[in-house]
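Report on the structure given below.
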Amino acid sequence: MLRPRRTLPTPLLLGVAAGCLLPACAPDAVDVQGGAVGELYTTFLLVAAGVFATVVGLLAWSVIRYRDRPGREEPRQHHGNVKLEAVWFVIPQALVVGLFLLSLSTLEEVDRAPAAADLGVRVQGFQWGWRFSYDGTGVEVTGTPERPPVLVLPVGRNVTFELISNDVIHSFYVPRFLVKRDTIPGKVNELRVTVEEPGTYRGACAEFCGLLHARMDFTVRAVEPDRFETWLDEQEVS
């Protein structure tokens, strides 16, 4: 009589596939602060992969080592092992504490204020658009769902965003920055970025804020500093 072929359970296969594919969901950061967050993501992924491999490896070893075979007696049973239980308690606690401290250090790096900000931009979220005001100039860019605004930034400069809202909570989010920050009525939030790569990047509101939330988009255009100064002069003249 042929034995049915053993296959891996579907949930296990789905878990392995998800573990391999999910890291690809995080885009490459184009700013210094996002780079630090990206490194944190990678560290979490490696630790999670190590835990996964260890647990699955021990389960597989136990299944193979102690599988039922004809003529084999039942393995000796153990009702407790204080040393082993202490080890598998201490190791997870150490991992959690270590990842917490690493996350705290990354958060401090993301929020660390530079010695001097090269550019300040006041960001106002409203239903359902964005208004960008460049400090020290008369330049203001306002957009609507029909005409999303373009936020022009200089590459290699420290930019500080002052985030506000006059109606409901919105969230200023550029996926390629790997960081986001809410705009909250009655509260001023700050976000600092230093874009390293010229290019055009999509931005959006990442907090449900009403009927046209899905159309509350904007674009970030990062250019070289001289091109940014030219653009700024042109906006002030016009």
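Count residues from 1 along the sequence.
Partners of Glu196 under the salt bridge (charged side-chain N to carboxylate O under 4.0 Å, His left out) rule, at least two apart in sequence or in another chain, do not exist in this structure. Checked against salt bridge (charged side-chain N to carboxylate O under 4.0 Å, His left out), Asp135 has no partners two or more places apart in sequence or in another chain.
Residues Gln124 and Ser133 fail the side-chain proximity criterion, which asks for heavy atoms closer than 4.5 Å. Two residues are said to be in side-chain contact when any heavy atoms from C-beta on lie closer than 4.5 Å; Trp231 and Arg221 meet this criterion. A 4.5 Å side-chain heavy-atom check between His170 and Gln127 finds at least one atom pair inside the cut-off. Within the 4.5 Å cutoff, the side chain of Val179 has no heavy atoms near those of the Phe172 side chain. Within the 4.5 Å cutoff, the side chain of Pro154 has heavy atoms near those of the Leu119 side chain. Here the side chains of Val195 and Phe177 are in contact, with some heavy-atom distance below 4.5 Å. By the 4.5 Å heavy-atom criterion applied to side chains, Trp130 and Leu151 are not counted as neighbours.
Proximity of a side-chain donor or acceptor of Gln33 to a complementary backbone N or O of Thr194 within less than 3.5 Å is detected. In this structure, the side chain of Thr54 engages the main chain of Gly50 through a donor-acceptor pair within 3.5 Å.
Taking a 4.5 Å side-chain heavy-atom cut-off between Ile, Leu, Val, Met, Phe, Trp and Tyr, the cluster of Leu84 extends to Trp88. Residue Val51 belongs to a hydrophobic cluster whose other members are Leu40, Phe44, Val47, Val55, Leu59, Val87, Ile91, Leu95, Leu99, Leu102, with links defined by side-chain heavy atoms closer than 4.5 Å. Annotation for Ile64: hydrophobic cluster partners, listed by chain and number, are none (ILVMFWY side-chain heavy atoms under 4.5 Å, direct or chained).
Between Phe218 and the options Val150, Val123, Val174, Val141, a side chain to side chain contact (heavy atoms under 4.5 Å, CB included) holds for only Val174.
In this structure, Leu101 CG and Thr106 OG1 are separated by 11.0 Å, a value rounded to the nearest 0.5 Å. With rounding to the nearest 0.5 angstrom, the CZ atom of Phe126 is 11.5 Å from the SG atom of Cys205.
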* Is there a side chain to side chain donor-acceptor pair (under 3.5 Å) between Thr142 and Arg131 once you walk through the steps? -> CA-CA 4 Å; Thr142 303; Arg131 181 175 295 109; 3.2 Å; yes
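With respect to the salt-bridge test (charged N to carboxylate O, under 4.0 angstrom), the residues Arg122 and Glu140 do not qualify.
Applying the side-chain hydrogen bond (donor to acceptor under 3.5 Å, both in side chains) definition to pairs two or more places apart or across chains, those involving residues 178-192 are Asp111-Arg181, Ser171-Asp182, Glu190-Arg192.
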